[in-house]
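Just so we're clear, the structure is a prediction, and the values are computed from it rather than from any experiment. What's counted below: heavy atoms across the whole structure, side chains too, no hydrogens, waters or symmetry copies.
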Amino acid sequence: MGDIVVLNLLILVCSMPVVTAGAAWAATWRSCFDMRLNADTKLARTFLRTLRASFVRVTPVWIGLLGLGTLVVWEVHISGLLRAKVLGILMSALALAVLFISALAFFWFTFLLGLEQHRLGLGGTVGPNSSSEIISEGGTVPALKLALVLAVKHLPLGVFVLATYALPGVVVLWNPMVAVYAAPIWFFFYFGALSYVTCLISPKDLTY
């Protein structure tokens with residue numbers, strides 16, 4: 001339980017500077033894999049080390065996703081103002097679908113980076129044609145292609161992850177008073193526990 005609290009606080013603190021939020025998720029997944037195997041690592045030190053190691057690779061992709069999100073919001077707004085009703089709805093739906101798939105791919109991209117760091121941290125090696133080999137040796141573009149494939153292949157898991165991570169924001173918009181009462185749970189447990197559960201239920205062909 002103590003590790004969950006520490007992990008949750010690390011996620012929140014390292015995500016506050018928006019530019020570091022993407023790399024923080026790679027560090028989150030690596031920490032969760034270590035916790036699952038009871039690896040003899042210091043959680044905070046490992047998290048921060050993985051964040052630094054992943055920053056250069058993850059941040060351009062993260063900034064691109066934020067830019068895409070901004071364009072989609074603009075597209076939805078313009079579609080509602082300037083286009084015929086049916087066309088506007090179709091264009092908005094298409095833009096949101098592209099953003100959703102991109103967000104799923106980014107989730108898998110950071111997940112695989114975290115898995116890679118976990119295996120290397122334990123002194124492990126990656127086998128030929130494995131996901132970790134693609135991440136380690138293939139560069140960012142092949143890794144993103146693999147992440148996109150995983151986004152489609154494991155769509156239910158991705159939808160579950162994105163929906164549950166977005167839940168606090170939805171609650172804030174729906175009923176701010178409920179959000180205030182739930183704030184201690186989100187601040188101390190929610191994201192850390194959810195990340196750990198995600199690692200536990202992640203596809204076995206990736207994590208073993």
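Residues Trp62 and Phe106 bring their aromatic ring centres within 6.0 Å.
Here the side chains of Leu150 and Leu112 are in contact, with some heavy-atom distance below 4.5 Å. Between Pro176 and Val180, every side-chain heavy-atom pair lies at or beyond the 4.5 Å cut-off. Between Phe189 and Val5 there is a side-chain heavy-atom pair separated by less than 4.5 Å. Contact of the Leu157 side chain with the Trp108 side chain is registered, since non-hydrogen atoms from C-beta on lie closer than 4.5 Å. Residues Ile101 and Leu148 form a side-chain contact, since some pair of their non-hydrogen atoms from C-beta on lies under 4.5 Å apart. Inter-residue side-chain proximity for Leu113 and Arg30 is flagged as unmet; no heavy-atom pair is nearer than 4.5 Å. Residues Asn8 and Trp186 form no side-chain contact, since every pair of their non-hydrogen atoms from C-beta on lies 4.5 Å or further apart.
A donor-acceptor contact shorter than 3.5 Å is absent between the side chain of Asp3 and the backbone of Leu43. In terms of modelled atom types and a separation under 3.5 Å, the side chain of Arg36 and the main chain of Cys199 share a donor-acceptor contact.
Residues Phe191 and Leu167 share a single hydrophobic cluster, defined by chaining ILVMFWY side chains whose heavy atoms lie under 4.5 Å apart. Linking ILVMFWY residues whenever their side-chain heavy atoms come closer than 4.5 Å, directly or via other members, leaves Leu144 and Leu104 in distinct clusters. Residues Phe100 and Phe109 are members of separate hydrophobic clusters, defined by side-chain heavy-atom contacts under 4.5 angstrom among Ile, Leu, Val, Met, Phe, Trp and Tyr. In terms of hydrophobic clustering, with Ile, Leu, Val, Met, Phe, Trp and Tyr side chains grouped at heavy-atom distances under 4.5 Å, Met177 and Val172 are assigned to different clusters. One hydrophobic cluster, built from ILVMFWY side chains closer than 4.5 Å, holds both Leu66 and Val72.
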What pairs of donor and acceptor atoms, side-chain ones from residues 14-28 against any protein atom, are under 3.5 angstrom apart with sequence neighbours left out?
{"unit_1": "Ser15", "atom_1": "OG", "unit_2": "Ile11", "atom_2": "O", "d": "2.7"}
{"unit_1": "Thr20", "atom_1": "OG1", "unit_2": "Cys14", "atom_2": "O", "d": "2.5"}
{"unit_1": "Thr20", "atom_1": "OG1", "unit_2": "Pro17", "atom_2": "O", "d": "2.9"}
{"unit_1": "Thr28", "atom_1": "OG1", "unit_2": "Ala24", "atom_2": "O", "d": "2.8"}

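Taking the ring-ring contact (aromatic ring centres under 6.0 Å, His included) definition, one finds that Phe47 meets it with nothing, sequence neighbours left out. Listed by chain and residue number, Phe107, Phe111 satisfy the ring-ring contact (aromatic ring centres under 6.0 Å, His included) test with Trp29 (two or more places apart in sequence, or in another chain).
To the nearest 0.5 Å, atom OG1 of residue Thr50 and atom NE2 of residue His118 are 11.0 Å apart. To the nearest 0.5 angstrom, Tyr190 atom OH is 10.0 Å from Ile185 atom CD1. Considering CG of Leu115 and CZ of Arg119, their distance stands at 4.0 Å, rounded to 0.5 Å. Summarising the geometry, atom SG belonging to Cys32 is positioned 5.0 Å from atom CG belonging to Leu7; distances are rounded to the nearest 0.5 Å. Summarising the geometry, atom CD1 belonging to Ile4 is positioned 10.0 Å from atom CG belonging to Leu194; distances are rounded to the nearest 0.5 Å. Going from atom NZ of Lys42 over to atom CG of Leu48 covers 13.5 Å, rounded to the nearest 0.5 Å.
The environment of Ile63 atom CD1 is dense: over 12 non-hydrogen atoms of other residues, nucleotides or ligands sit within 6.0 angstrom.
Between Ser195 and Tyr165, the side chains place a donor N or O and an acceptor N or O closer than 3.5 Å (distance only, hydrogens not considered).
Here the closest heavy-atom approach between residue Leu10 and residue Ala44 is recorded as CD1-CA, 3.8 Å.
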Working for side-chain contact (heavy atoms from CB on, under 4.5 Å), residues Leu99 and Leu65: CA-CA 8 Å; Leu99 178 61; Leu65 180 62; 4.1 Å; yes
